[in-house]
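As structure tokens, the structure follows; a few thoughts come after it.
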Number of protein chains: 2
Amino acid sequence: MSRSNPRVLSTLERAGGFASAQEVYKLMQREGEKIGLTTVYRSLQSLVNDKIVDLLRREDGEAIYRLCGEHHHHHLVCKSCGETVEIEGGAIEKWAKSMAEEHGFRDVGHTAEIFGICSKC
Amino acid sequence: MSRSNPRVLSTLERAGGFASAQEVYKLMQREGEKIGLTTVYRSLQSLVNDKIVDLLRREDGEAIYRLCGEHHHHHLVCKSCGETVEIEGGAIEKWAKSMAEEHGFRDVGHTAEIFGICSKC
DNA sequence: ATGGAAATGAAAATCATTTTCATTTCTGCT
DNA sequence: AGCAGAAATGAAAATGATTTTCATTTCCAT
């Protein structure tokens, strides 16, 4: 078993606690970190096993890693220029919770993203 | 633009209305249908465009296609067995709309999925 | 210092999905 | 019927994320 490389977790945090393995890798490269893609994957997997990060899926199926426990937020993304705004989702949290309870689900998480065209585009 | 090959839809129905592209393809092969994998993919994409089937994701990121009603809804998915419940998202619709307006976004859409462990697992 | 375990990463393998492109099948039209 | 252009098809190659392999390096306890 491999343990997580601490620089990976720290980079994920710096990325806003929400990124894919490839993004974490590229970010570390840009910052001059000497690390292989394989290690990034292994570290993220290990963090998921330890329940330190959540594993979610983008719409295209790419895995995205999100820090657990952290007060999480949602995104409002411009389909045209990619600008992203972090938004609060209080209503969503309640909705997810009540829906899950209603159907007897436990260990519940959720994803919610809003996308559209921003005022500049 | 290619239109959906009707045999693909009929196979998806026969598969219980819930299968991946690869599964639909293998099923058709076993039944002696002469069809290429490419056409299966194209047909399923087209069915998604026409909102005749829903596109969701397995835990491993593989796309699964699922016949579903035409009303807008969200999903509650079991991470363990894959059971899926269609749920209403009235609160989400309002949230997405108000968040988008607040930040000047237009042509807005959204995704929202809840995942957890169902009562049977 | 030393031996074994754990970590690392480059390259190859895997696997779903998409793209390319040449061929075949339809279509409408004369 | 015959013909041209459009649409559909599928085999093979390309893509892209993720995993595996395996040889090398780093750690750690002795």
Side-chain angles (χ1 to χ4, degrees), chain A residues 1-12 15-16 18-67 77 79 82 111 113, chain B residues 1-12 15-66 77 79 82 84 111 113 115:
Chain A
M1 265 326 120
S2 62
R3 229 169 284 151
S4 170
N5 181 318
R7 290 174 295 155
V8 170
L9 178 53
S10 127
T11 304
L12 181 59
F18 199 81
S20 72
Q22 301 281 345
E23 286 164 357
V24 168
Y25 175 64
K26 277 176 205 142
L27 190 52
M28 293 181 83
Q29 294 246 298
R30 262 183 246 122
E31 291 173 348
E33 298 260 23
K34 276 183 261 144
I35 194 167
L37 182 55
T38 312
T39 300
V40 172
Y41 271 104
R42 275 195 285 238
S43 292
L44 288 170
Q45 277 163 1
S46 161
L47 289 167
V48 169
N49 284 343
D50 297 347
K51 299 194 194 311
I52 293 165
V53 310
D54 263 351
L55 172 58
L56 281 54
R57 294 278 163 188
R58 287 234 169 89
E59 254 189 283
D60 67 355
E62 186 177 1
I64 48 182
Y65 301 85
R66 181 179 75 185
L67 280 170
V77 185
K79 286 191 278 195
T111 59
E113 305 278 322
Chain B
M1 274 312 129
S2 61
R3 233 169 281 148
S4 169
N5 182 317
R7 290 175 294 154
V8 170
L9 178 53
S10 127
T11 304
L12 181 58
F18 197 83
S20 72
Q22 300 281 345
E23 286 164 357
V24 168
Y25 175 64
K26 279 176 205 143
L27 189 52
M28 294 181 82
Q29 294 245 300
R30 264 183 244 121
E31 291 173 347
E33 298 259 22
K34 275 183 260 145
I35 195 166
L37 182 55
T38 313
T39 301
V40 172
Y41 271 104
R42 275 194 287 238
S43 292
L44 288 171
Q45 276 163 0
S46 162
L47 288 167
V48 169
N49 284 343
D50 297 347
K51 301 193 195 310
I52 294 166
V53 309
D54 250 2
L55 172 57
L56 19 150
R57 296 274 163 190
R58 289 233 169 90
E59 271 284 281
D60 66 355
E62 185 177 2
I64 48 183
Y65 301 85
R66 181 182 203 275
V77 185
K79 285 194 277 195
T84 303
T111 59
E113 305 277 325
F115 44 87

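Throughout, protein chains are lettered first and strands after them, A, B, ... in sequence-line order, and every chain is numbered starting at 1.
The list of ring pair (Phe, Tyr, Trp, His ring centres under 6.0 Å) pairs with a residue in residues 18-44 of chain A, not counting sequence neighbours, reads A:Phe18-A:His75. Residue pairs meeting the salt bridge (Lys or Arg N to Asp or Glu O under 4.0 Å) criterion with at least one partner in residues 21-33 of chain A, sequence neighbours excluded, are A:Arg7-A:Glu33, A:Arg14-A:Glu31, A:Glu23-A:Arg58.
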Show each protein N/O and nucleotides 24-26 of chain C N/O combination with a separation under 3.5 Å, one pair to a line.
none

Collect all protein-nucleotide pairs involving nucleotides 17-19 of chain D in which both atoms are nitrogen or oxygen and the distance is under 3.5 Å.
from	atom 1	to	atom 2	distance (Å)
D:dT18	OP1	A:Ala63	N	2.8
D:dT18	OP2	A:Tyr41	OH	2.7
D:dT18	O5'	A:Tyr41	OH	3.3
D:dT19	OP2	A:Gln45	NE2	2.5

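To the nearest 0.5 Å, the span separating CG on A:Leu67 from CG on A:Leu47 amounts to 8.5 Å. Within the model, atoms CD of A:Glu59 and CD of A:Glu113 stand 9.0 Å from one another, a figure rounded to the nearest 0.5 Å.
Atoms CZ (B:Arg58) and C1' (C:dA16) sit 12 Å apart, rounded to a whole Å. Spacing between atom CD of A:Glu33 and atom P of C:dT8 amounts to 12 Å, rounded to whole angstrom units. Between the CZ atom of A:Arg42 and the P atom of D:dC22 there is a distance of 14 Å, given to the nearest Å. Atom CD in B:Glu23 sits about 10 Å away from atom P in C:dA16, given to the nearest Å.
Of the side-chain N and O atoms in B:Asn5, one or more sit less than 4.0 angstrom from OP1 or OP2 of D:dT9.
Heavy-atom minimum distance, B:Leu12 versus B:Leu44: CD2-CD2, 4.3 Å.
With sequence neighbours excluded, the residues that form a salt bridge (Lys or Arg N to Asp or Glu O under 4.0 Å) with A:Arg66 are A:Asp54.
B:Ser43 places a side-chain N or O within donor-acceptor distance of the main-chain N or O of B:Asn5, the cut-off being under 3.5 Å.
Atom CD of A:Gln29 has more than 12 heavy atoms from other residues, nucleotides or ligands within 6.0 Å.
Taking the side chain of B:Ile35 as heavy atoms from C-beta on, and the options D:dG10, C:dG9, D:dA8, the nearest nucleotide is D:dG10.
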